[in-house]
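All remarks here apply to the structure that follows.
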Amino acid sequence: MNIKGIVFNEWYILFIVLFIIALVLNYYYSKKQKDLLMLNLQALELNLQLQEESIKRLEIQQQELKLLIDIYKDNLVKIKI
């Protein structure tokens with residue numbers, strides 16, 4: 001087929017069709033990848049919140065242990081007396 005001096009054969013048409021398909025697939029998978037990255041970011045934010053809560057619980061447990069140690073020391077002193 002000859003249109004205005006440009007020769008189109010089956011290979012050129014196939015190449016153009018495949019190129020358009022590749023562009024569409026690239027757009028689709030890029031969008032999916034963006035969605036997955038956003039979900040990953042949300043998961044990381046939730047993980048950070050859980051870590052912060054865990055740190056708070058550990059600090060409370062540390063204070064409780066200090067109080068128990070103080071009570072134990074006081075009881076030892078009372079027993080010695």
Side-chain angles (χ1 to χ4, degrees):
M1 177 187 290
N2 192 350
I3 301 174
K4 294 184 182 179
I6 301 175
V7 177
F8 287 98
N9 64 23
E10 294 84 23
W11 293 109
Y12 291 135
I13 294 171
L14 180 63
F15 176 75
I16 291 170
V17 169
L18 290 176
F19 184 73
I20 291 171
I21 291 171
L23 287 175
V24 170
L25 288 175
N26 187 32
Y27 172 76
Y28 174 76
Y29 286 116
S30 294
K31 188 174 181 183
K32 289 293 179 186
Q33 187 176 21
K34 179 185 171 191
D35 293 342
L36 288 174
L37 287 172
M38 293 303 293
L39 287 173
N40 194 15
L41 178 62
Q42 290 174 353
L44 286 172
E45 288 173 348
L46 289 174
N47 192 10
L48 178 61
Q49 289 175 359
L50 288 173
Q51 292 295 329
E52 289 172 349
E53 290 296 321
S54 178
I55 289 171
K56 288 177 185 177
R57 278 187 265 126
L58 285 172
E59 289 172 347
I60 291 171
Q61 288 177 348
Q62 183 182 20
Q63 292 173 353
E64 289 173 348
L65 282 173
K66 286 180 181 178
L67 288 173
L68 286 173
I69 289 171
D70 289 343
I71 291 170
Y72 179 73
K73 285 179 181 177
D74 288 344
N75 285 338
L76 277 178
V77 169
K78 288 178 184 177
I79 291 173
K80 286 183 181 179
I81 295 177

Q. Do side-chain atoms of Ser30 reach the backbone of Asn26 as a donor and acceptor pair under 3.5 angstrom?
A. yes
Q) Under a single-linkage definition using a 4.5 Å side-chain heavy-atom cutoff for Ile, Leu, Val, Met, Phe, Trp and Tyr, are Phe19 and Tyr27 assigned to the same hydrophobic cluster? A) no
Q. Do Ile69 and Lys73 have side-chain heavy atoms sitting under 4.5 Å apart?
A. yes
(Q) As an exercise, state the distance from CG of Asp70 to CG of Asn75, rounded to the nearest 0.5 Å. (A) 11.0 Å
Q: Give a yes or no on whether Tyr28 and Val17 share a hydrophobic cluster (residues Ile, Leu, Val, Met, Phe, Trp, Tyr; joining criterion: side-chain heavy atoms under 4.5 Å apart).
A: yes
**Q.** Validation row: Leu48, Glu45 side chains within 4.5 angstrom (heavy atoms)
**A.** no
Q: Check whether any side-chain heavy atom of Arg57 lies under 4.5 Å from a side-chain heavy atom of Glu53, and answer yes or no.
A: yes
Q: With rounding to the nearest 0.5 Å, note down the distance linking CG in Asp35 to OH in Tyr29.
A: 13.5 Å
Q. Do the side chains of Leu36 and Asn40 get nearer than 4.5 Å, heavy atoms only?
A. no
Q: Nearest 0.5 Å please: distance from the CD atom of Gln61 over to the CG atom of Leu68.
A: 11.5 Å
